Protein chains: 2
Amino acid sequence: MQSQSSPLGEFDVIQRFFKTQSEAMLAANPGSVTLGIGDDCALLKTGPHEEIAITSDMLVCGRHFFEDANPEWLGWKALAVNLSDLAAMGAKPLGFTLALALPKADPSWLKAFSKGLFAIANQYSCPLIGGDTTAGPLNICITAFGGIPKEKAIQRSGALKDDDIWVSGTIGDARLTLAALRHEITLSKSDLALIEPRMHQPTPRVELGIALREIASSALDISDGLLGDLRHILKQSNKDADIFLDRIPKSATLLKQSADIQTQYAACGGDDYELCFTAPTSQREAIAKIGANLNLPLTQIGSVKSMQNSAPEIRLINHAGATLNQLEANALLQSFDHFA
Amino acid sequence: MQSQSSPLGEFDVIQRFFKTQSEAMLAANPGSVTLGIGDDCALLKTGPHEEIAITSDMLVCGRHFFEDANPEWLGWKALAVNLSDLAAMGAKPLGFTLALALPKADPSWLKAFSKGLFAIANQYSCPLIGGDTTAGPLNICITAFGGIPKEKAIQRSGALKDDDIWVSGTIGDARLTLAALRHEITLSKSDLALIEPRMHQPTPRVELGIALREIASSALDISDGLLGDLRHILKQSNKDADIFLDRIPKSATLLKQSADIQTQYAACGGDDYELCFTAPTSQREAIAKIGANLNLPLTQIGSVKSMQNSAPEIRLINHAGATLNQLEANALLQSFDHFA
């Protein structure tokens, strides 16, 4: 809990100064907005059969990337994180706007940035449709739009008791890359080369999101850490979860690290942009087929449970089948907060 | 013209690194996007009868406002400039996203900022529907969405020969306020108080834009200066214009200044967020009615002409009916460029 005197966290800022008033406006003006603040995307009803999913992400130099970051990777990642939010709702990309503040108009930087940006835009058929350019400290703000049939968006609030909890791909490589770049961990050049794209050029799981429209009961993309992000689903669904730490899928590179690092990076490392989703156990076969079709591992890592206390809880179960105590679990559960 | 070695301007950056590739993508993927980069808003086809107008503006501390700027005004203005872009297309506001980078989470700043933001959001029934918050140099990026019946958006490219050129309200007060705040000009306290809201809390002409849907042949909002902005209409419509400098409507406060200041601020001062639009002469009566209904002066300041040379030209006509020569005109025509 946030005390009165401690600095405001990102979620407090949104809750105290924006979310409450936004919700009051939406309640007073029931119109086109079918989903407001609090999910991966907002939803705007645009016709009798379709909704538009809208998401906005701001990447700031010195916070989300270093000043000397490869501009081609940056162009890729700036759009990737937004496409990942669309994916988490099951939306098909339609287009995006780019607002860009630049300390100076450097043609070689701009050329590389736009190369990375249009590489991923073309890969996902998501055209740049507008935006803004100004002088200022380097800041990249992309707002992306996706189409989705009416009432088919996968929201965070739909997880049901006994649903399976799934993740796509492997988790923890972006965090491992960061540790290597920070010299907290030593990786061989070839190992680093293998996992570095996971941090710099993440793959938004757009096809998976679309395939899960009629199958998943809830979903989000993992940007701040698996367990921290999973808590958003649990909070909005009023549920607890059991998570089997050993089942969290890890890359061969991460599996070379100590058991503690493996668990911590997989459970709490962010920036992998895999999807975490829940689905009824009756969908296991359908989910296996989707994974096979997309050539993407989909792994069941736990189950949704009824909420036992006044707030959602995640019970972490270790390799021996024992549930971690609160202290052990808390140490793992600290998610990334932009102002903390 | 921009030479190879001179610094890149805002429009060059957009053209060279983003617009060409965006247009190539749109040509290759004719889909939902009915209008891309280059107008006040992009247009996304969302149903059989409706389009969504989308606009994005980024306000940067030190560039668009001072660090000690009144946060309540800032909240107002950040949304106002986007609503003004919607107005320029004739779109009805539906909602907006806010991405905000903050050096620190200061509750009193945030409270005042959100007060100004929600004041204008409520006034135009335009709810906040999502966004992003992060630490970083102060940067406010809003993307706003408006609804408009299919094919009714007022674009910049529609001006026809002999159309009248109109502006709403009065022009030049925001520039006069800036001059006073910079101590370039001395204004009495009461005069400053009268015009200061024009700069800090501009009024987006949303109702006017909607009323002009079936009447105006082209429109845009005046953010960078009347003549510079008018050039965008002329370029996209391949037309020239005659502008009667004396007809540009000025406030009583601006009319107290020297004739030169009056003309320069009215013709080139930006940030008033009035609309400039063109319409056939047959619409004069309808436009007078709209002005009366909205209690908003609408003034015909010139005419659209055939393009006489290879690029659009604006002929400026002075109080004596004489056309200014190229040197005189050029001095007035320098519009604001964010990188120049």
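Since the model is a prediction, treat every value here as computed from it, not as a measurement. To find a chain, count down the sequence lines: A is the first, B the second, and so on, and within it residues start at 1.
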Pick from Val33(B), Leu44(B), Asn139(B), Ile37(B) with the largest number of heavy-atom pairs that fall under 4.5 Å of chain A: Asn139(B)

Heavy-atom side-chain proximity of Arg16(A) to Leu110(B) below 4.5 angstrom: no

Between Ile14(B), Ile54(B), Asp106(B), the one whose heavy-atom pairs under 4.5 Å with chain A are most numerous: Ile54(B)

Options Ala24(B), Gly95(B), Ala101(B), ranked by heavy-atom pairs under 4.5 Å with chain A, top entry: Ala101(B)

Close contacts, residues 143-156 of chain B versus chain A, judged by heavy atoms under 4.5 Å: Thr143(B), Phe145(B)

Leu138(A) versus chain B, the contacting section by heavy-atom distance below 4.5 Å: neither

Trace of the side-chain contact (heavy atoms from CB on, under 4.5 Å) decision for Thr133(B) with Phe18(A): CA-CA 11 Å; Thr133(B) 321; Phe18(A) 300 107; 5.6 Å; no

Best-contacting candidate, Glu23(B), Lys19(B), Lys111(B), against chain A by heavy atom pairs under 4.5 angstrom: Lys111(B)

Close contacts, residues 112-130 of chain B versus chain A, judged by heavy atoms under 4.5 Å: Phe113(B), Ser114(B), Leu117(B), Phe118(B), Ala121(B), Asn122(B), Ser125(B), Cys126(B), Pro127(B), Leu128(B), Ile129(B), Gly130(B)

Inter-residue atom distance Asp132(B).CG - Cys141(A).SG, 0.5 Å rounding: 7.5 Å

Atom pair OG1/CE of Thr134(B) and Met58(A) - distance to nearest 0.5 Å: 8.5 Å

Which portion of Glu50(A) sits near chain B, non-hydrogen atoms under 4.5 angstrom: side chain

Heavy-atom pair count under 4.5 Å with chain A, highest-scoring of Glu51(B), His49(B), Met25(B): Met25(B)

Interchain contact, Leu94(A) with chain B, by part (heavy-atom threshold 4.5 Å): both

Best-contacting candidate, Ser22(A), Gly131(A), Gly36(A), Ala42(A), against chain B by heavy atom pairs under 4.5 angstrom: Ser22(A)

Beyond-backbone contact of Val60(A) with Pro137(B), side-chain heavy atoms, under 4.5 angstrom: yes

